[in-house]
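Each ligand, and each atom within it, is numbered from 1 in the order the structure gives. In this chain, numbering begins with 1 at the start of the sequence shown. From a predicted model like this one, the values you see are computed outputs, not experimental measurements.
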Amino acid sequence: MKPIQVGLLGIGVVGSGTFNVLARNQEEIKRRAGRGIEITMVADLNVARAQELVGPGVTVVSDARAVLANPDIDIVIELIGGYGIAKTLVLEAIAAGKHVVTANKALLAVHGTEIFAAASAKGVMVAFEAAVAGGIPIIKALREGLTANRIQWIAGIINGTTNFILSEMRDKGLDFAVVLKEAQRLGYAEADPTFDIEGVDAAHKATLMSAIAFGVPVQFDKAYIEGITKLGAADIKYAEQLGYRIKLLGITKRRQGDATKGTTDGIELRVHPCLIPAKRLIANVEGAMNAVVVQGDAVGTTLYYGKGAGSEPTASAVIADLVDITRLHTADAAHRVPHLAFQPDAMSNLPVLPMSEVVTSYYLRLRVADETGVLAKVTGILAEAGISIDAVLQREADEVVKDIAASGQVPQTDVIILTHDCVEARMNAAIALMQALPSVLEPITRIRKEELA
Ligand code: HSE
C-alpha cells in the first residue's frame, strides 16, 4: 500500500524533530502502522530554511492553504501555535476533509468545543497527544488505558520551565527573579516567559486533561490560575523543613458534594504552587521534566514521567497520533476513540467549581512582630473560623533580629502554619482578619497543600 501523505504546517523545533524521527524510524513505524507515513509537503514562511531541513524530495511552500488544497494529503500537522491563524487553518483543514494532528494546547483548551464539533461533523480526527506533557503519552493513557476507571483526580507537573526554576530555587536557595534570569540565559525559559511562569500553559494542559478525565467540555475560562512569580526562597526552605516540596501543579478533581458541609458536586480545575510531601515520587521530579499522577477507582494511583518538551520527545507524541490516524482513518467514524474520551452525546455538565468553593489544606507564612500574644491571636482567628491547625513552625527569632536590631525596628519573626482541609472562602476570610492585626507586618503568604495520598 502506498504511504499515507502528510502535510506539515510550521517546521520549527517540533516540526523538524517529527520529520527526522519519521525518516529515521520509517521501517519500524511502517511495521506498526501497516503502511508508510511520509511528510510530502511543508508550509513555512521561511521556505529556504525549511527546504534545507527536509531536502529536495519534499515540496515546500509559504502558503499553508496550498497544503490544505492538495488532494493527496490525508493528514495535516499543525505546529504553528496560538489561537490566530492556527485556528483558521485547523478549521479549514477539517472542512477540506483532512485529519489534524496538533500540539496546540492553547487552541484546544480555548476553542476545543468548536474544533471537535467541526471534526465530528466532517468525520475526521483531531489528535493532540503532543499538546499535554510533550513525550509522555498521557492523553492515550487517560482516553484508552484507564478507560475502565472512574477517574478521581489528576495532579501534574506539566510545565518544564517552572519546574526547572523551582528546582533551581530549592537547590541554590535563590529567589524567583534571580533564577528566571539564569533560566533565560541558559535557554530554559523564553524571552517572554509569561505563559509559563504565570501558569497559563499548565492551565491549558490541565483543561484538556480535565475534559478527558471527566467527560466535560474544555473550559479554560473557568480554570483558576496562579503562577510562581511570588514564591520566595524562604517558603521553599520552610516547606522543606516541614517535609514538603513546592511544585507548580495542574490539578483537576471530581468533587462529590456533601450537604452537611455545604459543598456541591463539581469539578476542580486549578493551577497553582502547591506543597506536596517530599516522599511522594512526583515531589522528586526535578529540572525541566514533567510528571502526571492519575488516581482511578480501579487502578489506584498511576504515575507518568518524562520529557514534557523538546524536539524529538514532542515528535514522539506527534508521530504516535499519525500512526493512530493511519490505522483508523478508514474505520467507521463511530468506532474511533472519541476526541474527549466520552461519546459526544454522553458528555457531563458537571460545573467547574469556583476557587472559593475548593477544599484543600494550606501553608501560611506570617511575618509578625515578636511580641507576647501574637501567636494566640493568629491561632484564635483560625479556631474561630473552624480551621484546624496541623503544624506550627516559628523561625528562630534571632536570625531575623540581627539585622532588624540595627535598623531600630521591632524584632520580627516568621510564623509558619500548616492547616487541615478547609473551604477556600473560609480561609480567605481568616487571612483577611489575620492581615488586619497590627502585629502582622507584611502580606501573608498562602500556598495550598495537597497530600496526593
Ligand atoms: N513551555 C512548555 C514548558 C513546553 O515549559 O513545559 C511546551 O508546552
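Among pairs with a residue in residues 331-353, those fulfilling ring pair (Phe, Tyr, Trp, His ring centres under 6.0 Å) read F116-H339, at least two apart in sequence or across chains. The side-chain hydrogen bond (donor to acceptor under 3.5 Å, both in side chains) analysis of residues 121-143, with sequence neighbours excluded, yields the pairs K140-E144, K140-D324.
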Contact table, ligand 1 N/O with protein N/O, distance under 3.5 Å:
| residue | atom | partner | partner atom | Å |
| --- | --- | --- | --- | --- |
| ligand 1 | 1 (N) | D196 | OD1 | 3.0 |
| ligand 1 | 5 (O) | N159 | ND2 | 3.4 |
| ligand 1 | 5 (O) | G160 | N | 3.4 |
| ligand 1 | 5 (O) | T161 | N | 3.0 |
| ligand 1 | 5 (O) | T161 | OG1 | 2.5 |
| ligand 1 | 6 (O) | G160 | N | 2.7 |
| ligand 1 | 8 (O) | K105 | NZ | 2.6 |
| ligand 1 | 8 (O) | D201 | OD1 | 3.4 |
| ligand 1 | 8 (O) | K205 | NZ | 2.8 |

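Ionic pairing of E182 and K172 is not present here: no N-O contact between side-chain nitrogen and carboxylate oxygen is shorter than 4.0 angstrom. A salt bridge links R170 to E286: one of the charged nitrogens lies within less than 4.0 Å of a carboxylate oxygen. Using a 4.0 Å cut-off between charged nitrogen and carboxylate oxygen, E52 and R49 do not count as a salt-bridge pair.
With sequence neighbours excluded, the residues satisfying side-chain hydrogen bond (donor to acceptor under 3.5 Å, both in side chains) with T102 are E78.
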